[in-house]
Amino acid sequence: MIAFVSGPVAAVAPDTAVIEVGGVGMAVQCTPATLAGLRVGQQARLATSLVVREDSLTLYGFADDDERQVFELLQTASGVGPRLAQAMLAVHSPDALRLAVSTGDEKALTAVPGIGKKGAQRLLLELKDRLGEPLGGSAVPGARSAAAPGWSDQLHTALVGGGYATREADEAVAAVTPRAEEAMAAGGTPQVAQLLRAALQTLNRTR
């Protein structure tokens, strides 16, 4: 098992960071919040979980060991794979998920893309005795979204961290703002990873 990777950040993409470890670039799947904290050329340390499939080896990266542990525990529930587990952590902090499960907060789970009412009910039942009680961090469901920088700040930070100039990042954020506003008008939450892909396409067209 690869418990963590540490080294300079070689590249940042919409859902992946490349960390240089001993002269080898390790591609690590991360949440938008984790990616927003990385800067190309700067040192980073990510807790990791290696997911092995017949046709692939995928490394998932996290801000700390607790987030990685929750990622792995979430996958013990039926129907939860690594992508859905990561999506849950993109919306809620580990303690917010613990609180949601311990209090039976179905609404908090359905806020995660890909989880419906029946899926939330099943997860609450299966995870109730696995995640445990909140450890004392941000334990309000949805608190990650509220406490973390807004979508535009996360997007701007990710673009600048990926090597784009501040002016280019400003223009790209402005270009995808209508898409984010549509999502909010519909009662949803702007998905930073999707907006980042759209922003990168905009930047590539203008170069």
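Since the model is a prediction, treat every value here as computed from it, not as a measurement.
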In sequence, state the C-alpha distance, the side-chain angles, and the governing distance for L127 and L97, and then conclude on side-chain contact (heavy atoms from CB on, under 4.5 Å). CA-CA 10 Å; L127 294 172; L97 284 172; over 6 Å; no
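- There is a path of hydrophobic side-chain contacts, each under 4.5 Å, that joins I115 to L73.
- Other residues, nucleotides and ligands contribute at most 12 non-hydrogen atoms within 6.0 Å of the CZ atom of R83.
- At a threshold of 4.5 Å between side-chain heavy atoms, the hydrophobic network of Ile, Leu, Val, Met, Phe, Trp and Tyr places L35 and V21 in one connected group.
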Could you walk me through whether R98 and D95 pass salt bridge (charged side-chain N to carboxylate O under 4.0 Å, His left out), step by step? CA-CA 5 Å; R98 291 188 180 99; D95 262 3; 2.8 Å; yes
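- Closest of all the heavy-atom pairs between A120 and T110 is CB-CG2, 3.7 Å.
- Put simply, the side chain of V5 reaches to within 4.5 Å of the side chain of V28, judged on heavy atoms.
- Closest heavy-atom contact between A13 and L196: O-CD2, 3.9 Å.
- Of all the heavy atoms in P113 and V91, the pair that sits closest is CD-CG2, 4.1 Å.
- Contact check for L59 versus M26: side-chain heavy atoms found under the 4.5 Å cut-off.
- Between atom OG1 of residue T31 and atom CG of residue D15 there is a gap of 10.5 Å, rounded to the nearest 0.5 Å.
- Between the side chain of E67 and the backbone N or O of A63 there is at least one donor-acceptor pair closer than 3.5 Å.
- No side-chain heavy atom of L50 sits less than 4.5 Å from a side-chain heavy atom of T58.
- Under 3.5 Å, the side chains of T48 and R68 contain no donor-acceptor pair of N or O atoms.
- Although no hydrogens or angles enter the test, the distance criterion places no donor-acceptor pair under 3.5 Å between the side chain of S56 and the main chain of V52.
- Using a 4.5 Å heavy-atom cutoff, the side chains of P82 and R53 are in contact.
- Contact of the F62 side chain with the L89 side chain is registered, since non-hydrogen atoms from C-beta on lie closer than 4.5 Å.
- Panel note: side chain E168, backbone A165; a donor-acceptor pair is recorded below 3.5 Å.
- Taking the centre and axis of the six-membered ring of F4, the NZ or CZ atom of R45 falls inside the cone set by 45° and 6.0 Å.
- Among all heavy-atom pairs drawn from A100 and L124, the shortest one is O-CD2, 3.6 Å.
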Applying side-chain contact (heavy atoms from CB on, under 4.5 Å), run through M88 and H92 and close with a yes or a no. CA-CA 6 Å; M88 294 172 74; H92 300 296; 5.8 Å; no
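- The closest donor-acceptor contact from the side chain of T177 to the backbone of V173 lies under 3.5 Å.
- Between E106 and K117 the shortest heavy-atom distance is OE2-NZ, 2.8 Å.
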Where do R130 and T76 land on the side-chain contact (heavy atoms from CB on, under 4.5 Å) test, with the steps shown first? CA-CA 9 Å; R130 301 180 192 178; T76 64; 2.9 Å; yes
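- S102 places a side-chain N or O within donor-acceptor distance of the main-chain N or O of L99, the cut-off being under 3.5 Å.
- One hydrophobic cluster, built from ILVMFWY side chains closer than 4.5 Å, cannot hold both V40 and V18; they sit in different ones.
- Grouping the Ile, Leu, Val, Met, Phe, Trp and Tyr side chains by contacts below 4.5 angstrom, directly or via other members, places L84 apart from L125.
- At distances below 3.5 Å, not a single donor-acceptor pair connects side-chain atoms of R167 with backbone N or O atoms of Y164.
- Here the shortest heavy-atom pairing between L159 and A199 reads CD1-CB, 4.2 Å.
- One finds the CG atom of L123 at 14.5 Å from the NZ atom of K118 (value rounded to the nearest 0.5 Å).
- Taking SG of C30 as the reference point, atom CD of Q86 lies at 7.0 Å (rounded to 0.5 Å).
- Follow the hydrophobic side-chain contacts under 4.5 Å out from V70 and you never reach L46; the two are in separate clusters.
- Considering only heavy atoms from C-beta on, T166 comes within 4.5 Å of H156 through its side chain.
- The main-chain N or O of F71 is found under 3.5 Å from a side-chain atom of Q75 such that the two form a donor-acceptor pair.
- Between E126 and S78, the side chains place a donor N or O and an acceptor N or O closer than 3.5 Å (distance only, hydrogens not considered).
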